[in-house]
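Counting starts at 1 for both ligands and their atoms, following the listed order. Keep in mind the model is a prediction, meaning the values are calculated, not measured.
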Amino acid sequence: GRCRKCKKFCRKFECCLEENRGATPSAWTRQQADQIRITSENAAPIIEEPFEDTAPDLWVWDTWPLREKDGSIAVLPGGWRVIFSLTAPRSVLPGKRHDIATIRYFYSRDGQDWIPGGVVFPEGDALGSRQWAGSAFVENGEIFFFYTATGRRNEAQVTYEQRMAFAKGEIFSDLNGVLFNNWEEHSIILVPDGEFYQTQEQSSGGIIYSFRDPWYWIDPESGCEYIIFEGNTATPQQPVERECNPENIGDGDYRSGNDVPNGSANFNGNVGIALLRSSDYREWELLPPILEADCVNQQLERPHIVYIGGRYHLFIVSHQFTFAPGLDGPDGLYGFVANDFRGNYVPLGEGGLVVANPPEEPFQAYSWIVLPDLSTLSFINYYNLDGVSLDQLPSLPDQFVFNRFGGTLAPTLQLSISGTDTQIVNELAQGLVMESSTEGAPFTPRCEQGGKCGN
Ligand code: FRU
C-alpha cells in the first residue's frame with residue numbers, strides 16, 4: 001500500500017524503502033531485442049543541412065532542461081527556460097570532447113533561441129577531471145544539480161572512473177537573464193557498490209564501463225525520490241564466471257531455437273536506482289536495478305522516466321556497437337513501459353526501439369531525452385559519412401572529421417505513445433524545448449506516522 005503523511009524524513013526513507021522491498025529488475029531479453037526493427041514509425045527524418053549551431057565556438061552534445069521537482073519544464077522569473085549541455089571548444093576533434101567536457105547553460109524565452117550563459121560551475125568547484133551528463137531541478141530559487149564526476153581532478157592522465165556528484169546553488173533570474181551563484185561545496189553522492197553495480201575494477205571484459213548520468217525523479221504515486229542512472233550489473237562472486245541466465249534470453253521456445261553467441265555474457269548494462277535518504281540530497285541508498293540488459297546491451301545511457309496515463313515510461317539511449325553478439329539495433333532511443341514504478345517493464349515500439357537514426361544517416365543524432373509532453377531533444381552527431389564507419393574516423397584527416405560532426409542541438413521530435421505503440425509524429429525546430437507540465441501533480445510526500453526512525 002501507499003504511505004501516509006510523515007513527520008520526519010527518516011520515516012519517509014523507511015517507507016520508501018518498503019515500497020521497493022522485493023523489487024527485482026525487469027529484463028530486456030534477447031528475445032525482445034530480436035524484435036528491433038527500423039520502421040516508418042520510429043525512423044527519424046534525415047536532418048538536412050544547413051543547420052544552426054547552438055554555440056558557434058563550442059561542441060554541444062548531451063543536454064537536459066532545468067526542471068521543477070515534479071519533472072515539468074521550469075520557467076524562471078523573467079520568463080526563462082534553461083538548458084544545460086556538455087560542451088567543449090570546437091578546436092578539439094569531436095572524439096576528444098568527452099575528455100574535456102564542461103557543463104554550460106543556455107537560457108531562452110521562446111525555448112528555441114538559446115542565449116549562452118557560460119559555465120555552470122566556477123573554475124575548480126566541480127569534481128572529476130571533467131563532468132558528464134546529469135539533471136537539475138529548481139525549488140524556492142535554489143538549484144539542485146546532479147552530474148557525473150568523471151576521472152579525478154588534476155589527474156596526470158585521463159581516467160574513466162565515474163562517480164555521481166551533487167551541488168546546490170542559488171538562481172538569480174530577472175528580465176535581464178539567468179545566473180547561478182553561491183554554490184555550496186560539491187559532494188560525491190554515489191559510487192558503485194560492487195554488489196549491484198560494477199566497480200571499474202570489476203568491469204574488465206566489458207567493452208565500456210558506466211556508472212553515470214544521474215537523473216533525479218520523484219515517483220508521483222508514492223512521493224519517493226530517486227536517482228536513476230546508467231550502470232553495469234556486478235558479479236560479486238569470485239572468480240567471476242559470467243553466463244547468460246534464462247530470464248535474460250527469453251522463453252523456452254526461443255531458447256531452444258536460438259544459441260547465445262560466445263562473449264554475450266560480457267554485456268551487462270542496466271538502469272540503476274538510488275533512493276534519497278537525507279533531506280539535503282547528499283545521501284542516497286543504492287537499490288537493485290530497475291531494468292537490466294544482461295547478455296543484450298552494454299550501455300543503457302541517460303535513463304529517464306515520463307509518467308503519463310498512470311504508467312511509467314522508461315527511456316534510455318543506446319548504440320549499435322554496444323549490442324551483444326547476435327543482436328542488432330541502431331543508435332537510437334529505446335523505451336519500456338510498466339504499470340508500477342517497480343513493475344515489469346516491457347519494450348515500447350519494436351523490441352524497445354522508439355527513435356532510430358535513419359539507415360541513410362545511422363549516426364546523425366544521439367542522446368535523446370524525452371520531456372513530459374513527449375517532445376524529444378537530442379544533438380547532431382556524425383552525418384554525411386557516406387558509408388565510412390566510426391572506427392575509421394581516427395585514421396582520416398582532421399578536416400574530414402570536423403566537417404562531419406554536428407555538435408549542435410538536433411531538431412526536436414514529437415512522439416506519441418498509445419499502449420506500447422509509439423510514433424514520431426512531427427519534426428520541430430532545432431533544440432526546441434516547449435513549456436510542459438507533468439501529470440505527476442506536485443504533492444506533499446506521504447509516509448506513515450509514528451514508530452522509531454532508524455539511524
Ligand atoms: C551519452 C554519454 C553519456 C555521458 C556522455 C559523455 O552521449 O555517453 O552517458 O554522460 O555521453 O560525453
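Closer than 4.0 angstrom to ligand 1 sit non-hydrogen atoms from Trp61, Asp62, Leu86, His98, Trp132, Ala133, Arg212, Asp213, Glu230, Glu301, Tyr366, Ser367.
Listed by chain and number, the residues in a side chain to side chain donor-acceptor pair (under 3.5 Å) with Thr233 are Asn270, Asp294 (sequence neighbours excluded). Considering only residues two or more places apart in sequence or on other chains, Asp57 meets the side chain to side chain donor-acceptor pair (under 3.5 Å) condition with none of them. Considering only residues two or more places apart in sequence or on other chains, Thr24 meets the side chain to side chain donor-acceptor pair (under 3.5 Å) condition with none of them.
A cation-pi arrangement is absent between Arg404 and Tyr382 under the rule of less than 6.0 angstrom and at most 45 degrees off the ring axis. A cation-pi arrangement is absent between Arg311 and Phe336, since the terminal nitrogen or guanidinium carbon is not both under 6.0 Å from the aromatic centre and inside a 45° cone about the axis.
Across Val317, Thr376, Leu348, a single residue satisfies side chain to side chain contact (heavy atoms under 4.5 Å, CB included) together with Val354, and that is Leu348.
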